[in-house]
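The structure under discussion appears below in the form of structure tokens.
Heavy-atom basis, side chains included; hydrogens, waters and symmetry copies ignored. Just so you know, residue 1 is the first one in the sequence shown, and it goes up from there.
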Amino acid sequence: MNASALDPQMPMTSWTQVASLSRLRRDEPLFTAAGLFLLALMIPTGAALLIDTRDWAGVPGWIKPLKFQFALGVYLLSLAFFARYLPEGLTARRSYRIYAASIVAAVMAEMVWVGGAAMLGTRSHFQIEGVGGILYGLMGFLALWLTGASAYYAWQIARGSALGGNRVLKEGIVLGLAMVMPMTAITAGYMSGTGGHFVGTATGSINLAVLGWARDGGDLRVPHFFATHALHLVPLAGLAISAWIGPKAIWALRLSALVYLAFVVFVFWQALQGRPFLPFLG
């Protein structure tokens with residue numbers, strides 16, 4: 001794979017080929033199939049949300065499975081996209097296929113856990129006692145394991161040569177993938193340890209549209225969201241810098257990554273202070 005595989009100057013037809021499902025299936029068939037399966041599951045889950053009116057602490061029980069299906073589906077499809085930049089022949093190795101299968105197994109176990117809790121009308125997260133607490137701890141380990149796939153991809157892409165001389169784009173992809181695991185482990189780990197995602201006066205009764213973040217206090221889901229999306233936003237910064245400044249402007253890419261890291265730290269601190277994200281909207 002050479003640098004033209006993700007060239008900002010490519011015509012629209014070429015971009016369509018870059019993002020095509022056939023290309024994703026060819027580069028990483030298991031992640032692609034699993035990601036599409038999770039997105040397809042959103043249809044029956046959405047139907048369950050409309051039919052089953054039970055809630056947990058005022059939140060419809062099927063909301064969490066729906067969110068997890070979307071988030072994990074996008075995550076797997078994102079990895080399938082980045083698989084084209086792995087060292088040649090890596091995905092054909094038996095060791096890699098076993099590793100990829102373990103990632104998908106962890107994802108599916110998380111979905112069984114979250115979906116099962118919705119079916120039983122109970123909560124899936126923040127359990128600390130009895131069998132539920134043991135299973136919650138196991139799910140935490142599996143969440144860390146599946147998030148580690150981004151770090152593994154960062155390491156493999158860094159040692160490969162798929163992007164040729166486009167140092168900015170390559171480092172943008174590597175940094176974006178590498179930042180996900182440590183930032184997610186800290187934000188999600190803290191949230192899990194505190195037993196909830198609300199801080200201060202937050203109750204969730206006033207929410208930010210679509211994302212559902214609390215507007216009446218701090219919400220730890222905000223830094224967790226931006227931590228996990230480093231694998232999208234930092235590579236996009238690399239793509240933009242490559243197009244507008246040049247494929248060797250490493251300083252601009254590293255500055256962008258540092259600014260993004262500072263932003264995640266800031267919204268984490270903001271949530272810990274019991275303050276809502278984008279306070280001027282409330």
Side-chain angles (χ1 to χ4, degrees), residues 34-78 103-147 180 183-199 202-229 267 271 276-277:
L36 293 175
F37 174 71
L38 290 179
L39 296 183
L41 274 183
M42 293 179 67
I43 298 174
T45 303
L49 177 64
L50 296 175
I51 297 170
D52 188 350
T53 59
R54 294 175 299 170
D55 62 47
W56 181 264
V59 178
W62 289 97
I63 284 290
K64 190 175 289 290
L66 199 63
K67 289 181 176 180
F68 267 62
Q69 286 161 3
F70 180 74
L72 292 175
V74 169
Y75 177 65
L76 288 174
L77 289 174
S78 299
I103 296 299
V104 172
V107 168
M108 296 308 169
E110 291 280 347
M111 287 312 313
V112 169
W113 169 251
V114 175
M119 291 179 65
L120 295 173
T122 186
R123 63 178 180 175
S124 58
H125 285 62
F126 310 121
Q127 298 197 45
I128 59 174
E129 297 180 352
V131 177
I134 295 173
L135 291 175
Y136 182 45
L138 175 60
M139 290 304 108
F141 169 77
L142 291 179
L144 190 63
W145 179 257
L146 67 91
T147 305
V180 170
M183 293 197 303
T184 301
I186 292 171
T187 55
Y190 183 88
M191 182 164 53
S192 177
T194 57
H197 45 71
F198 294 141
V199 180
T203 63
S205 58
I206 306 173
N207 298 323
L208 187 66
V210 181
L211 293 169
W213 296 333
R215 300 294 310 128
D216 55 355
D219 196 328
L220 293 168
R221 291 175 298 181
V222 177
H224 179 253
F225 174 87
F226 287 110
T228 58
H229 284 285
V267 295
F277 181 63

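Within the structure, no pair that satisfies the salt bridge (charged side-chain N to carboxylate O under 4.0 Å, His left out) test touches residues 35-44, not counting sequence neighbours.
At least one side-chain heavy atom of Leu38 sits under 4.5 Å from a side-chain heavy atom of Met108.
The line from CG of Leu76 to CG of Leu36 is 9.5 Å long, rounded to the nearest 0.5 Å. Taken to the nearest 0.5 Å, the CG atom of Leu77 stands 5.5 Å off from the CG atom of Leu39. The distance from the NZ atom of Lys67 to the CG atom of Leu72 is 13.5 Å, given to the nearest 0.5 Å.
Ring orientation note: the planes of Phe277 and Trp213 are nearly perpendicular, at an angle over 60° on the 30°/60° scale. Ring orientation note: the planes of His229 and Phe225 are tilted relative to one another, at an angle of 30° to 60°.
Minimum heavy-atom separation, Leu220 to Ala271: CD2-CB, 4.0 Å. When all heavy atoms of Ala188 and His224 are compared, the pair lying nearest together is CB-CD2, 3.5 Å. In terms of heavy atoms, Ala34 sits closest to Val104 at CB-CG1, 3.9 Å. Annotation for Gly115 and Pro65: closest pair CA-CG, 4.1 Å, computed over non-hydrogen atoms.
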What side-chain donor-acceptor pairs closer than 3.5 Å can you find for residues 40-49, not counting sequence neighbours?
unit_1: Thr45; atom_1: OG1; unit_2: Leu41; atom_2: O; d: 2.9
unit_1: Thr45; atom_1: OG1; unit_2: Gln69; atom_2: OE1; d: 3.0
unit_1: Thr45; atom_1: OG1; unit_2: Gln69; atom_2: NE2; d: 2.8

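Within the 3.5 Å criterion, the main-chain N or O of Thr228 finds no donor-acceptor partner in the side chain of Tyr75. Side chain of Glu110 to main chain of Leu142: no donor-acceptor pair is present (N/O by atom type, distance under 3.5 Å, no hydrogens or angles).
Under the side-chain hydrogen bond (donor to acceptor under 3.5 Å, both in side chains) criterion, Ser78 pairs with His232, sequence neighbours left out.
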